[in-house]
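Heads up: the structure comes next, in structure tokens.
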Amino acid sequence: MTDTPNVLSVTGISKFFPGVVALEDVDFSLRKGEIHALMGENGAGKSTLIKVLTGVEHPDSGSIQLEGKNLQVRSPQHSQELGISTVYQEVNLCTNISVAENIMLGREPRRFGGISIHWKKLNEQARRAMARLGITLDVTQPLGNYSIAIQQMVAITRSLEILSAKVLILDEPTSSLDIHETNVLFEVLRKLKGEGIGIIFVTHFLDQVYQIADRITVLRNGKLVGTYDIASLPRIELIARMLGRTVTDLEAMSKAKSSIEQEESGQSLASARGLGLKGSLEPIDLELNAGEVIGIAGLLGSGRTELASLIFGIDTPDTGTLLIKGQKVERFSPLESLKRGIALCPEDRKAEGVLGDLTIRENIILALQARYGWFKFLGAKKQYEIAQKYIELLGIRTPSPDQLVKNLSGGNQQKVILARWLVTQPQILILDEPTRGIDVGAKTEIQKLVLDLAKEGMSVMFISSELEEVLRISHRVVVLRDHKKAAEYSSEVGDQTIMHTMAGDL
């Protein structure tokens, strides 16, 4: 592989914004037929480098070479014409038209002198294009009828078929995919790699990097840390390079978890007995104890979020009982749960969590204000005191509590949601995918905070698609499959056992 020529080379790229050094003298190379992971915390420069490669931003210095030729990427359209194509986390296609129309958009075969589209030929060309990736589906159906995974495959197919991509950039392509869908995507990437296409893979999932990538380039604070062969860089070293320090936080988490495990089990704060809702979750038994992190593992659609919704009162169960500190819950609603000391950080922080057009201060005090009621309004001075306290406690990176939340990184937005609920001083905290789509540094900080909260006596229900982090910080792990409880393990169980349970092998 070391003798393989570069399809793309970047030398000495710098990009400056007012008061910010986004990239400083960065080198990067992509070989033909290589999957190259681009890693770094939020703010490391990954997005800016991609914008430079795709013509969204123009570098202040440095050069770009494509197949050995110097070039200046003038615009996103120009980058596509050159053969540099990007598939983003949120697929930018038209879901109301057919798969075939999306693939062939702008290059539709015509007939009768160009007057009308040759639909039969268009559909056949789209079928052949999808078959190139080993995918068979009805290309005449609207794209919106298919899963996000299929939509990403369609976006990739369009890049290859219409844009003749030589370089394919995938920006967080697996953040909304389950394990099976991710594996299907990886099979496609391996096929493209075999065809000599260079692939830049941007992700926060370390497991996936070591599963699919050939090399890793690490950026930190806009600077190049280094480029490494995957086999020569252990995971712990990768994390250390991304964070710019030794991984003492991970060691501290391990010790904190062990110290909690050595203590006697705390009192039961919540007890579910046969709790269920037809069509949502089969009857389940569950204990949430003080001073304990209970991990909830399972594939997407297994019932994890449905379980959180029942306990928090978003949904009302039609079977079983829920006891909170020994008292049977009769009325289910988020407001009642808030009064009982239960908090929920939802899975989709953009749609259900932060309010982007409000400030950090306004977002943080929302839940507390709701509990007080709108006739007992928190004064401005008290709001600022609360916001500043939790900004400092959680290390939210912002120049002011009056910063709009939409201007923060994903990790800092997640911390704002956590702050909102911690202000209410809950006894039970439900975290649904709290580290999805955020960088390793912010992820580590949130995981450490979870263990600190448990040590102070809180019960934390931790839902995550990443088995590694579930096992790292949980004291017990409940595995859900097909909307029911499949098993419950101590955290000493191996990830293979949990994966077999999720698959139905155990």
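These figures come from a predicted structure and were not determined experimentally. Numbers here simply count residues along the sequence, with the first being 1.
Distance check: C345 SG to K415 NZ gives 13.5 Å after rounding to the nearest 0.5 Å. Taking CD1 of I200 as the start and CD1 of I35 as the end, the distance is 12.0 Å to the nearest 0.5 Å. One distance of note links CG of L429 with CG of L449; it measures 8.5 Å at 0.5 Å rounding. To the nearest 0.5 Å, the span separating OG1 on T359 from CG on N407 amounts to 11.5 Å. Rounded to the nearest 0.5 angstrom, T54 OG1 and I84 CD1 are separated by 8.0 Å. Put simply, CG on L53 and CG on L38 are 9.0 Å apart, with the number rounded to the nearest 0.5 Å.
With I150 as reference, L137 is the one residue of L137, N145, V99 to meet the side-chain contact (heavy atoms from CB on, under 4.5 Å) rule.
Counted by atom type alone, T174 and Q208 present one or more donor-acceptor pairs between their side chains at under 3.5 Å. Judged purely by distance below 3.5 Å, without hydrogens or angles, the side chains of S9 and S29 never pair a donor atom with an acceptor atom. Using modelled atom types, one finds a donor on one side chain and an acceptor on the other under 3.5 Å when comparing N183 with Q211. For the residue pair T305 / D432, a side-chain donor-acceptor distance below 3.5 Å is found, with atom types taken as modelled.
The two residues V7 and G198 make their nearest non-hydrogen contact at CG1-CA, 4.4 Å. A pairwise comparison of heavy atoms in L23 and G45 identifies CD2-O, 3.5 Å as the closest pair. In plain terms, the two heavy atoms of V450 and V293 that are nearest each other are CG1-CG2, 3.8 Å. Taking every heavy atom of both residues into account, I430 and A308 meet most closely at CG2-CB, 3.7 Å. Pairing each heavy atom of T95 with each of P142, the nearest pair is O-CB, 3.9 Å. Between P76 and S79, the closest heavy-atom pair is O-OG, 2.7 Å.
Looking at heavy atoms from C-beta onward, L277 lies out of side-chain contact with T316 at the 4.5 angstrom threshold. Annotation: side chain of N6 is not in contact with side chain of Q65 (no heavy-atom distance under 4.5 Å). Looking at P334 and I314, their side chains come closer than 4.5 Å, going by heavy atoms from C-beta outward. Residues H118 and L122 form no side-chain contact, since every pair of their non-hydrogen atoms from C-beta on lies 4.5 Å or further apart. V478 is not listed as a side-chain neighbour of L307, based on a closest heavy-atom distance of 4.5 Å or more. Looking at E433 and R304, their side chains come closer than 4.5 Å, going by heavy atoms from C-beta outward. Inter-residue side-chain proximity for L471 and I498 is flagged as met; some heavy-atom pair is nearer than 4.5 Å. Contact annotation: the side chain of I97 never approaches that of L143 to less than 4.5 Å [non-hydrogen atoms, C-beta and beyond].
Ring-plane geometry between F28 and H36 is classed as tilted, the angle between the planes lying from 30 to 60 degrees on a 0 to 90 degree scale.
Residue R74 places its CZ atom among 12 or fewer non-hydrogen atoms of other residues, nucleotides or ligands, all under 6.0 Å distant. Q72 CD: 12 or fewer foreign heavy atoms inside a 6.0 Å radius.
In this structure a side-chain-to-backbone donor-acceptor pair under 3.5 Å is missing from R127 to V139. Side-chain N or O atoms of R158 include one that pairs as donor or acceptor with a backbone N or O of L105 at under 3.5 Å. The backbone N or O of K278 lies less than 3.5 Å from a partner atom in the side chain of D318, making a donor-acceptor pair. Between the side chain of E108 and the backbone N or O of E101, no donor-acceptor pair lies under 3.5 Å. With hydrogens and angles ignored, the 3.5 Å screen pairs no side-chain donor or acceptor of K484 with any backbone N or O of I284. Looking at K193, its side chain never comes within 3.5 Å of a backbone N or O of I199 through a donor-acceptor pair. Judged by distance alone, with hydrogens and angles left aside, the side-chain atoms of D60 form a donor-acceptor pair with the main-chain N or O of F16 at under 3.5 Å. With hydrogens and angles ignored, the 3.5 Å screen pairs a side-chain donor or acceptor of S14 with a backbone N or O of D25. Here the side chain of R481 pairs a donor or acceptor atom with the backbone of T501 at under 3.5 angstrom.
R31 and D214 are not joined by a salt bridge, as no carboxylate oxygen comes within less than 4.0 angstrom of a charged side-chain nitrogen. Salt bridge status for K121 with E124: absent, with no side-chain N to carboxylate O gap under 4.0 Å. For K191 and E187, the salt-bridge test fails: no basic side-chain N is under 4.0 Å from an acidic carboxylate O.
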Step by step, work out the side chain to side chain contact (heavy atoms under 4.5 Å, CB included) result for L275 and L286. CA-CA 9 Å; L275 195 72; L286 188 72; over 6 Å; no

How far apart are the C-alpha atoms of I156 and L170, what are their side-chain angles, what is the distance that settles it, and do they pass the side chain to side chain contact (heavy atoms under 4.5 Å, CB included) test? CA-CA 9 Å; I156 292 171; L170 299 176; 4.2 Å; yes

Start with the C-alpha distance between K15 and K51, add both sets of side-chain angles, then the distance that settles side chain to side chain contact (heavy atoms under 4.5 Å, CB included), and finish with yes or no. CA-CA 10 Å; K15 179 64 183 177; K51 288 176 181 178; over 6 Å; no

Determine, stepwise, if the pair L82 / K166 fulfils side chain to side chain contact (heavy atoms under 4.5 Å, CB included). CA-CA 8 Å; L82 292 168; K166 303 167 187 174; over 6 Å; no

